[in-house]
Amino acid sequence: MKTNKSVKQIEICTGRIRGGITLRDSSAPENGNQALHVCLSPEKVMENRKALAAQTLPLERWALIWQKHTDRFVRVFDQDASRGSLDKNDSIMDYDAVYTTEPNLLIGVYTADCLGLLICDESTPLVCAIHSGWKGTAQNIVHKTMKHLLDKKLIHPQTVQIYFSPSIGYDSFEIGPEVKEAFMQSGKEIGLDYSDLFKPGKEDRWFADHQAMNLRVLASLGIPKENIYPTETDTKTTDTAFSFRRDGKATGEHFTYGWIDS
């Protein structure tokens with residue numbers, strides 16, 4: 001992976017599959033925010049999208065979901081091209097994971113503190129993006145999406161590559177007892193124990209290792225450790241990351257995206 005000098009991002013390439021994770025950039029309009037549903041100025045966001053489109057695919061070849069912290073995933077096809085790219089209200093509504101096997105169709109998810117995952121499998125080829133905030137993890141969205149792709153033989157444990165976006169770190173992710181219980185219950189539903197992934201905070205608060213939970217999910221599905229690329233970036237403490245917990249509603253969002261090159 002490498003940092004691109006035009007749109008500030010982590011660039012990902014696994015052969016035919018191209019993609020990246022955009023970063024916070026104080027020199028860009030609205031700090032480089034790419035999300036129309038979380039912005040101060042739609043016009044500035046479109047400037048950023050056009051800059052990224054110039055380096056990737058035209059906006060008419062983007063197909064975007066509008067995330068609602070669900071456990072739902074959707075497959076997109078050529079007829080979905082341009083949805084959500086110019087008008088947020090035209091997005092594919094109420095999904096938090098999206099995948100495609102169509103060439104030259106760019107998909108992605110938006111995150112600020114939440115975890116974005118880019119799943120690439122050259123052997124199909126397939127590209128998938130998942131938004132997993134605490135609600136998504138508590139609903140097992142990564143497990144449900146990955147198991148679907150594995151069962152359909154659209155990805156394979158030995159050839160899939162998985163990249164994590166910047167997300168909130170263990171020392172920054174403070175939660176209440178009800179969220180801890182939701183995490184513990186979600187683990188039990190898929191045969192996993194997360195009890196060692198919490199440490200006590202003040203009073204009844206806890207700190208949670210959200211990234212480790214998702215790593216444990218992937219391991220349980222047989223994905224080799226060497227095929228997974230976690231992040232070392234804690235969004236709350238890093239200037240080049242978007243963080244809702246740090247900046248509130250004024251924050252923008254990372255765009256974790258990919259496409260299959262023809």
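Counting begins at 1 with the first residue of the sequence. Treat the numbers as computed from the prediction; the structure is a model and nothing was measured.
Remark: side-chain polar atoms of Arg16 are not paired, donor with acceptor, to backbone N or O of Glu122 under 3.5 angstrom. The backbone N or O of Val160 sits less than 3.5 Å from a side-chain atom of Asn227, completing a donor-acceptor pair. For Gln211 (side chain) and Ser167 (main-chain N/O), no donor-acceptor pair under 3.5 Å exists by modelled atom type. In this structure a side-chain-to-backbone donor-acceptor pair under 3.5 Å is present from Asn33 to Val38. Thr124 places a side-chain N or O within 3.5 Å of a backbone atom of Leu154 that can act as its donor or acceptor partner. The main-chain N or O of Leu126 is never found under 3.5 Å from a side-chain atom of Thr101 such that the two would form a donor-acceptor pair. Ser85 contributes a side-chain N or O that, together with a main-chain N or O of Leu59, makes up a donor-acceptor pair within less than 3.5 Å. Using modelled atom types, no side-chain atom of Arg18 and backbone atom of Trp259 make a donor-acceptor pair closer than 3.5 Å. The backbone N or O of Ala241 sits nowhere less than 3.5 Å from a side-chain atom of Thr238 that would complete a donor-acceptor pair. Remark: the backbone N or O of Lys68 is paired with a side-chain donor or acceptor of Asp96 at under 3.5 angstrom.
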**Request:** Could you walk me through whether Ile21 and Ile12 pass side chain to side chain contact (heavy atoms under 4.5 Å, CB included), step by step?
**Result:** CA-CA 8 Å; Ile21 304 164; Ile12 296 167; 4.2 Å; yes

**Request:** Could you please spell out the steps behind the side chain to side chain contact (heavy atoms under 4.5 Å, CB included) verdict for Thr100 and Val127?
**Result:** CA-CA 6 Å; Thr100 191; Val127 63; 3.7 Å; yes

**Message:** Apply side chain to side chain contact (heavy atoms under 4.5 Å, CB included) to residues Arg61 and Asp78 and explain how you reach the verdict.
**Reply:** CA-CA 8 Å; Arg61 294 299 301 169; Asp78 265 342; 2.7 Å; yes

**Prompt:** What do the steps show when you test Arg246 against Thr251 for side chain to side chain contact (heavy atoms under 4.5 Å, CB included), and what is the final call?
**Reply:** CA-CA 8 Å; Arg246 182 188 64 219; Thr251 190; 5.6 Å; no

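Remark: the Gln55 side chain and the Ser6 side chain contain an N/O donor-acceptor pair separated by less than 3.5 Å. Judged purely by distance below 3.5 Å, without hydrogens or angles, the side chains of Asp94 and Thr70 never pair a donor atom with an acceptor atom.
Under the 4.5 Å side-chain criterion, counting only non-hydrogen atoms from C-beta, Trp62 is in contact with Arg49. Taking 4.5 Å as the limit, some side-chain heavy atom of Leu218 sits within range of a side-chain heavy atom of Phe164. Using a 4.5 Å cut-off on side-chain heavy atoms (C-beta onward), Phe244 and Cys114 make no contact. Contact of the Leu197 side chain with the Arg216 side chain is registered, since non-hydrogen atoms from C-beta on lie closer than 4.5 Å. Proximity of Leu221 to Pro157: side-chain heavy atoms (C-beta onward) are nowhere separated by under 4.5 Å. In this structure the side chain of Ile92 never reaches within 4.5 angstrom of the side chain of Val98, judged on heavy atoms.
With values rounded to the nearest 0.5 angstrom, Glu43 atom CD is found 9.5 Å from Leu36 atom CG. Rounding to the nearest 0.5 Å gives a distance of 11.5 Å between CG of Leu57 and CD1 of Ile107. Rounded to the nearest 0.5 angstrom, Ile260 CD1 and Asp121 CG are separated by 10.0 Å. Put simply, NZ on Lys180 and CD on Gln185 are 13.0 Å apart, with the number rounded to the nearest 0.5 Å. Taking CD of Gln139 as the start and CG of Asp71 as the end, the distance is 4.5 Å to the nearest 0.5 Å. Atom CD of Glu30 and atom CG of Asn48 lie 7.5 Å apart (nearest 0.5 Å).
The 12-atom threshold is exceeded at NZ of Lys144, counting heavy atoms of other residues, nucleotides or ligands nearer than 6.0 Å. Under a cut-off of 6.0 angstrom, the local environment of CD in Gln79 is crowded, with over 12 non-hydrogen atoms contributed by other residues, nucleotides or ligands. By the 6.0 Å contact criterion, CD on Glu232 is open, its count of non-hydrogen atoms from other residues, nucleotides or ligands being 12 or less.
In summary, Asp171 and Lys199 engage in a salt bridge, as defined by a charged side-chain N under 4.0 Å from a carboxylate O. Between Arg245 and Asp113, no side-chain nitrogen of the basic residue sits less than 4.0 Å from a carboxylate oxygen of the acidic one, so the salt-bridge criterion is not met.
Counting all heavy atoms, side chain and backbone alike, Thr233 lies closest to Thr231 at N-OG1, 3.0 Å. Closest approach of Asp234 and Gly169 over heavy atoms only: OD1-N, 3.0 Å. Smallest separation of non-hydrogen atoms from Lys8 and Arg24: CD-O, 3.7 Å. Nearest heavy-atom pair, His254 versus Leu23, reported as atom, atom and distance to 0.1 Å: ND1-CA, 4.0 Å. Residues Ala129 and Leu118 approach most closely at CB-CD1, 4.4 Å, considering heavy atoms. Closest approach of Arg83 and Asp90 over heavy atoms only: NE-O, 3.2 Å.
Ile162 and Ile17 fall into different hydrophobic clusters, where Ile, Leu, Val, Met, Phe, Trp and Tyr residues are linked whenever their side-chain heavy atoms come under 4.5 Å apart, directly or through other members. A continuous path of ILVMFWY side-chain contacts below 4.5 Å connects Ile141 to Ile223, so both sit in one hydrophobic cluster. If you chain together hydrophobic residues whose side chains sit under 4.5 Å apart, Ile65 and Ile130 never meet in one group. Both Met184 and Val217 belong to a common hydrophobic cluster when Ile, Leu, Val, Met, Phe, Trp and Tyr are linked at side-chain heavy-atom distances under 4.5 angstrom. In terms of hydrophobic clustering, with Ile, Leu, Val, Met, Phe, Trp and Tyr side chains grouped at heavy-atom distances under 4.5 Å, Tyr229 and Val109 are assigned to a common cluster.
Take Ser132 and apply the side chain to side chain donor-acceptor pair (under 3.5 Å) test, not counting sequence neighbours, and it matches Thr137.
Pairs engaging residues 176-217 under the ring pair (Phe, Tyr, Trp, His ring centres under 6.0 Å) rule: Phe173-His210 [sequence neighbours left out]. Legend: ring pair (Phe, Tyr, Trp, His ring centres under 6.0 Å) pairs involving residues 108-162, not counting sequence neighbours, sorted by first then second residue: His37-Tyr110, His69-His131, Phe73-His148, Tyr99-His148, Tyr110-Phe255.
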